[in-house]
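Reading through the structure tokens given below for one structure.
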Protein chains: 2
Amino acid sequence: MFELDVRSRKPIYEQLVERLKELIITEVLTADEQLPSVRTLAHQLTINPNTIQKAYRELESQGYIYSIKGKGSFVSAATPNLNSEKIEKVKNELSKLLSEALYLGITKNELYKLIQEIEAAIGGGIEDDQNP
Amino acid sequence: MFELDVRSRKPIYEQLVERLKELIITEVLTADEQLPSVRTLAHQLTINPNTIQKAYRELESQGYIYSIKGKGSFVSAATPNLNSEKIEKVKNELSKLLSEALYLGITKNELYKLIQEIEAAIGGGIEDDQNP
DNA sequence: TGCAGTGTACTATGATTCCTAGTACAGTTA
DNA sequence: TAACTGTACTAGGAATCATAGTACACTGCA
């Protein structure tokens, strides 16, 4: 469910945040669904509970989840519309990367094709290693 | 000529490497052209000479420039065809980012438009803060 | 009520990376 | 020779990340 790259420049907690956001946005994780506890997930991923907590705290501050002391952490009912910020961010990164791609001689058609493929993959259904 | 973001997660030397590569690939810097000396550039950018050296060393190891002790650093005559590696890397990053974009609801048309704009900007001539 | 599980908070520490500072040496060129 | 060039090295500060350990408050259930 989570592919963590401990050697990445991107911190583990940040990878977790992004991955969970993705699962929430795509409704793989549904509203009010309970997330694994800090300790459980830490044990599963063999990382420190503090790292999980940091990720959860970040997600809560952004409105993607809510936590209840003594009960657990749950997916927010309403996906936050902080997406607009996120969209801007992605667009900016995308611009840079696309520039680089074109500089490197990747053609527009190749880019179009890439988009088509990705869209097909998404539209065709997202597969996960989850329980049925 | 160089826009450095010291607050970025990306190290300064790495930003330098990328920027210089871009300038070399796009032939803004031409073959055998002499680059600013380590000390000069460091002074211009108000960063440490060691940081420049690190960038130059990296560029040299990748074949983009060559350095001669006592003379200076120069743009390689033949652009290395390590580009194929680079292209693969960019494509991979691009795939991830495009997935995210589509997940976030950015439409294909928006992406196409983005590509058009960037291509126009590049095709229209790259402007730099250089001496005439 | 007691216990096990939950989130939360805090300090301390190790590890890594980046950048800087300073010094030194070798080569080139005018 | 003097001033420039690249190169190499050690040392240290600063920041970030992850871990370890402990503690407390709350919830749910037997």
Side-chain angles (χ1 to χ4, degrees), chain A residues 1-21 24 29 31-77, chain B residues 2-21 23-24 29 31-77:
Chain A
M1 186 164 185
F2 297 100
E3 300 167 9
L4 297 180
D5 180 6
V6 293
R7 301 171 57 194
S8 168
R9 174 138 58 205
K10 187 167 292 186
I12 293 177
Y13 82 93
E14 208 164 308
Q15 294 179 47
L16 268 173
V17 167
E18 291 192 357
R19 179 64 179 141
L20 281 166
K21 272 192 200 175
I24 292 171
L29 296 177
D32 297 317
E33 182 172 344
Q34 183 165 10
L35 297 171
S37 81
V38 168
R39 291 172 181 81
T40 301
L41 189 52
H43 184 258
Q44 276 180 18
L45 302 178
T46 59
I47 58 179
N48 196 281
N50 289 337
T51 306
I52 308 290
Q53 199 209 337
K54 189 167 185 179
Y56 279 11
R57 196 191 308 146
E58 178 69 16
L59 284 167
E60 183 167 25
S61 80
Q62 293 186 27
Y64 286 88
I65 69 174
Y66 59 94
S67 298
I68 303 175
K69 198 184 289 183
K71 294 190 70 175
S73 298
F74 308 85
V75 176
S76 289
Chain B
F2 297 100
E3 300 167 9
L4 296 180
D5 180 5
V6 292
R7 301 171 56 194
S8 167
R9 174 138 57 205
K10 187 166 292 185
I12 294 178
Y13 81 92
E14 210 164 305
Q15 294 179 46
L16 267 175
V17 167
E18 291 192 359
R19 179 63 179 141
L20 281 167
K21 272 192 199 174
L23 293 175
I24 292 171
L29 296 177
D32 297 317
E33 182 172 344
Q34 183 164 10
L35 297 172
S37 81
V38 169
R39 292 172 180 81
T40 301
L41 189 51
H43 184 258
Q44 276 180 19
L45 302 178
T46 60
I47 58 180
N48 195 283
N50 289 336
T51 305
I52 308 289
Q53 199 210 338
K54 189 168 186 179
Y56 279 11
R57 197 191 306 146
E58 177 70 16
L59 284 167
E60 183 166 25
S61 80
Q62 292 186 28
Y64 285 88
I65 68 174
Y66 60 93
S67 298
I68 302 175
K69 198 184 290 183
K71 294 190 71 175
S73 299
F74 307 85
V75 176
S76 289

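Within every chain, numbering begins at 1; the chains are lettered A, B, ... in the order of the sequence lines, protein sequences first and strands thereafter.
At a threshold of 4.0 angstrom between heavy atoms, the contacts of A:Glu60 are confined to the sugar-phosphate backbone, with no base atom among them. Backbone-only engagement by A:Thr40 is indicated by non-hydrogen atom pairs under 4.0 Å involving sugar-phosphate atoms exclusively. If you check every strand for non-hydrogen atoms under 4.0 Å, B:Glu14 touches nothing.
Taking only side-chain nitrogens and oxygens, A:Ser67 never comes nearer than 4.0 Å to OP1 or OP2 of C:dT6. Contact between the side-chain N/O atoms of A:Tyr13 and the OP1/OP2 oxygens of D:dA18 is not found at any separation under 4.0 Å. A close approach under 4.0 Å does not occur between any side-chain nitrogen or oxygen of A:Thr51 and OP1 or OP2 of D:dC17. Note on B:Asn48: a side-chain N or O is less than 4.0 Å away from OP1 or OP2 of C:dA21. The phosphate of D:dA15 has neither OP1 nor OP2 within less than 4.0 Å of any side-chain N or O from B:Arg9.
Looking at B:His43 and B:Arg39, their side chains never come closer than 4.5 Å, going by heavy atoms from C-beta outward.
Where A:Ile68 and A:Arg39 meet DNA chain D, the nucleotide closest to each residue was compared, and A:Arg39 sits on the side nearer the 5' end. Both B:Ile12 and A:Ser73 sit near DNA chain C, but only A:Ser73 has its closest nucleotide nearer the 5' end.
Atom CG in B:Leu41 sits about 14 Å away from atom C1' in D:dT5, given to the nearest Å. Taking atom NZ of B:Lys69 as the reference point, atom C1' of D:dA8 lies 9 Å away to the nearest angstrom. A:His43 places its NE2 atom 12 Å from the P atom of D:dA20, with the value rounded to the nearest Å. One can place CZ of A:Arg57 at 8 Å from P of C:dT8, the figure rounded to the nearest angstrom. One atom, CD of A:Gln15, and another, P of D:dC17, lie 12 Å apart when rounded to the nearest Å. If you take OH of A:Tyr66 and C1' of D:dC26, they are 16 Å apart, rounded to a whole angstrom. When the C1' atom of D:dT19 is taken as reference, atom CG of A:Leu45 falls 15 Å away, rounded to whole Å. Distance A:Ile47 CD1 to C:dG14 P: 22 Å, rounded to the nearest Å.
With D:dA20, C:dC19, D:dA8 as the choices, the nucleotide that has an atom nearest any side-chain atom of A:Asn50 turns out to be D:dA20. When each of C:dT28, C:dT8, D:dG28 is scored by its nearest atom to the side-chain atoms of B:Lys71, the top-ranked nucleotide is C:dT28.
Nearest approach of B:Val38 to B:Tyr56, heavy atoms of both residues: CG2-CD2, 4.0 Å.
Donor-acceptor pairing under 3.5 Å is recorded for the side chains of B:Lys21 and B:Gln62. In this structure, a donor-acceptor pair under 3.5 Å is present between the side chains of B:Tyr66 and B:Asp32.
Between the side chain of A:Glu58 and the backbone N or O of A:Val17, no donor-acceptor pair lies under 3.5 Å.
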